[in-house]
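Okay, structure first, notes after.
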Amino acid sequence: MPPLSRPRWLRRLPHVVICLIAVVAAIGSIDEMSTSYRLGVEFGLLAGAAQGMALVLALWRPFPAWWLSLSATFIAAVAARSNMTDMVAPGPNWPWIGPTIAAHALVLFLLALRLPARVSLGALAVTGLVTAFVQGILGGGPYSGTGVLAVSVFAVAVLLGTALRGSREARTQLVEQEYLTAEERSRRTLLEERNRIARELHDVVAHHMSVISIQAQVAPHLVENPSDELKENLDGIRQNALEALTELRRVLGVLRSENPDDAYGLGAGTGAAPDAPQPTLDRIDALVENTRAAGLTVTTEITGEQLPLPPGVELSAYRIVQEALSNALRHAPGSVVRVELTHFPRGLQIRVVNSSPSRPAPPSPGAGHGLLGMRERAMMLGGTLMAMETACGGFTVAAFLPRSAATASRPPRPDNSTGPKGPPDPTGDVS
């Protein structure tokens, strides 16, 4: 029998109650069998103790407990049959007495809770056949027949136990299904966000491959009397770049096949790649102005020497700021937002902090991809991202995107992405 889940100090209460009932049933059986059945103290003590032991054993081994309970009742009923010939009508209750009916019903109930329905129904059928054999075929002297009442009580106990077992199994399966559904939803969300990022980075990679192809084509004209080996190598480089561009277009076609009307997964498109280039940090001012027009007070602060950044870093930085501002619009209406961009020699640090909302936020229809997408972008570049609530009820998004490819190729540490320490010191000072 499973323990209670809560409260913890009552976990074993069902077992204690069953043991107390077993003691009461054993005492009652000993008294009835010793006096009403005239079996003597020793025999009554043995039969009554067997009933109590069967009920306690049913908590862990219900099937052997059922056999023990039924066998003890059968032996006691057959032994009492010869003592009832000279009794005065209506005689004692036979072949079941009150304590044994209660004990055997609880044993069948625990059996139905633990074992399949076919086993519990089989045990009920055998119990009914034994009862019918003892009362209907063997018979005895004057007695009050309890077979019908006992079998009826046993049937109710089995049906109740089977119903509770089915309900418990259905509840367990429902919890497992909900867990699997949540896992599948998280996995699907992660894959969708990664596809979206891959579609956006297509233009960045394709640009570099196009530049390689053009440079390889122009290079022979920049050298006086180029050798045939140089021309052949440069032509090979150009052909490889063109083949890479072709494969990139095929990959992008596969990624767009799920939603051909939305080329980059941005909510707009006509089925072909948009004409507008991917956004960079030069468009931060326009993004902030649009956010202000939507009702938020936004301030920006850009510090540090603005060295050139790789296109992938600029795209990811723009998307992180864009998503952070969108989250502030959805979840913190009327708040004050501060956007900080700090340029370091090692990379770019981003901080978007919003104050507590001035009014309750309406229900958001979003799919919850925002924080996941920002974290994926930072990890893709070997950077870190932290998102957490502030002490005043607002929210902070802080990220660091490394500038160099050597830094980006280093595998990110998971504890930096969500840990309380936030992004590492971009200055590289370890003192």
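What you see is a predicted model; the values in this text were computed from it and never measured.
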Taking only residues two or more places apart in sequence or in another chain, which ones pass side-chain hydrogen bond (donor to acceptor under 3.5 Å, both in side chains) with [X]?
{"X": "E184", "answer": "R187"}
{"X": "E376", "answer": "R194"}
{"X": "E169", "answer": "R165"}
{"X": "N327", "answer": "R330"}

note = In short, ring pair (Phe, Tyr, Trp, His ring centres under 6.0 Å) pairs touching residues 147-194 with sequence neighbours left out are W96-F154, H104-F154
message = Give me each pair satisfying ring pair (Phe, Tyr, Trp, His ring centres under 6.0 Å) with a member in residues 116-143, each pair once, sequence neighbours excluded.
response =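 Counting only pairs at least two positions apart or across chains, the ring pair (Phe, Tyr, Trp, His ring centres under 6.0 Å) contacts touching residues 116-143 are W94-Y143.
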Interatomic spacing from [atom1] in [X] to [atom2] in [Y] - rounded to 0.5 Å:
{"X": "R377", "Y": "L372", "atom1": "CZ", "atom2": "CG", "result": "10.5 Å"}
{"X": "M33", "Y": "I97", "atom1": "CE", "atom2": "CD1", "result": "4.5 Å"}
{"X": "L315", "Y": "L381", "atom1": "CG", "atom2": "CG", "result": "9.0 Å"}
{"X": "I30", "Y": "L39", "atom1": "CD1", "atom2": "CG", "result": "12.0 Å"}
{"X": "H343", "Y": "L281", "atom1": "NE2", "atom2": "CG", "result": "6.5 Å"}
{"X": "I350", "Y": "I284", "atom1": "CD1", "atom2": "CD1", "result": "8.0 Å"}

query = Would E340 and T303 count as having a side-chain donor-acceptor pair, cut-off 3.5 Å?
reply =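 Result is no, nothing qualifies.
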Check for a donor-acceptor pair, side chain of [X] on one end and backbone N or O of [Y] on the other, with a separation under 3.5 Å.
{"X": "R338", "Y": "V353", "value": "no"}
{"X": "S167", "Y": "A163", "value": "no"}
{"X": "Q51", "Y": "S69", "value": "yes"}

Go through the structure and list residues passing side chain to side chain contact (heavy atoms under 4.5 Å, CB included) with [X], not counting sequence neighbours.
{"X": "A332", "result": "S335, N354, P357"}
{"X": "T280", "result": "D282, E314"}
{"X": "V130", "result": "L70, F74, V126, V134"}
{"X": "P92", "result": "S36, Y37, M84, M87"}

request  = Would you please classify the geometry between the W67 ring and the F63 ring as parallel, tilted or perpendicular, with 30° and 60° separating the classes?
outcome  =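 If you compare the ring of F63 with that of W67, the planes turn out perpendicular.
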task = For residues L287 and V321, determine if any side-chain heavy atom of one lies less than 4.5 Å from a side-chain heavy atom of the other.
result =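 Yes, close enough: below the 4.5 Å cut-off.
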inquiry  = Taking the side chain as everything from C-beta on, heavy atoms only, tell me whether P14 gets closer than 4.5 Å to L59.
reply    = no
Residues that R61 engages under salt bridge (charged side-chain N to carboxylate O under 4.0 Å, His left out), provided they are two or more places apart = none
Measure across [X] and [Y] and return the closest heavy-atom pair with its distance rounded to 0.1 Å.
{"X": "A324", "Y": "M374", "value": "N-SD, 4.2 Å"}
{"X": "L401", "Y": "A378", "value": "CD2-CA, 3.9 Å"}
{"X": "V313", "Y": "P402", "value": "CG2-O, 3.6 Å"}
{"X": "L325", "Y": "L296", "value": "O-CD1, 4.4 Å"}
{"X": "T162", "Y": "S120", "value": "OG1-OG, 3.7 Å"}
{"X": "P99", "Y": "A25", "value": "CB-O, 3.6 Å"}

ask   = So I18 and L55, side chain to side chain contact (heavy atoms under 4.5 Å, CB included) or not? Walk me through it.
value = CA-CA 7 Å; I18 294 296; L55 186 51; 4.0 Å; yes
ask   = salt bridge (Lys or Arg N to Asp or Glu O under 4.0 Å): which pairs involve residues 36-46, sequence neighbours left out?
value = R38-D86
message = I'd like to know whether E323 forms a side chain to side chain contact (heavy atoms under 4.5 Å, CB included) with V352, so could you lay out the CA-CA distance, the side-chain angles of the two residues, the decisive distance to 0.1 Å, and finally the verdict.
response = CA-CA 10 Å; E323 187 60 42; V352 181; over 6 Å; no
ask   = Under the side chain to side chain contact (heavy atoms under 4.5 Å, CB included) criterion, do R403 and L309 qualify, and how do the steps go?
value = CA-CA 6 Å; R403 179 188 310 276; L309 292 170; 3.0 Å; yes
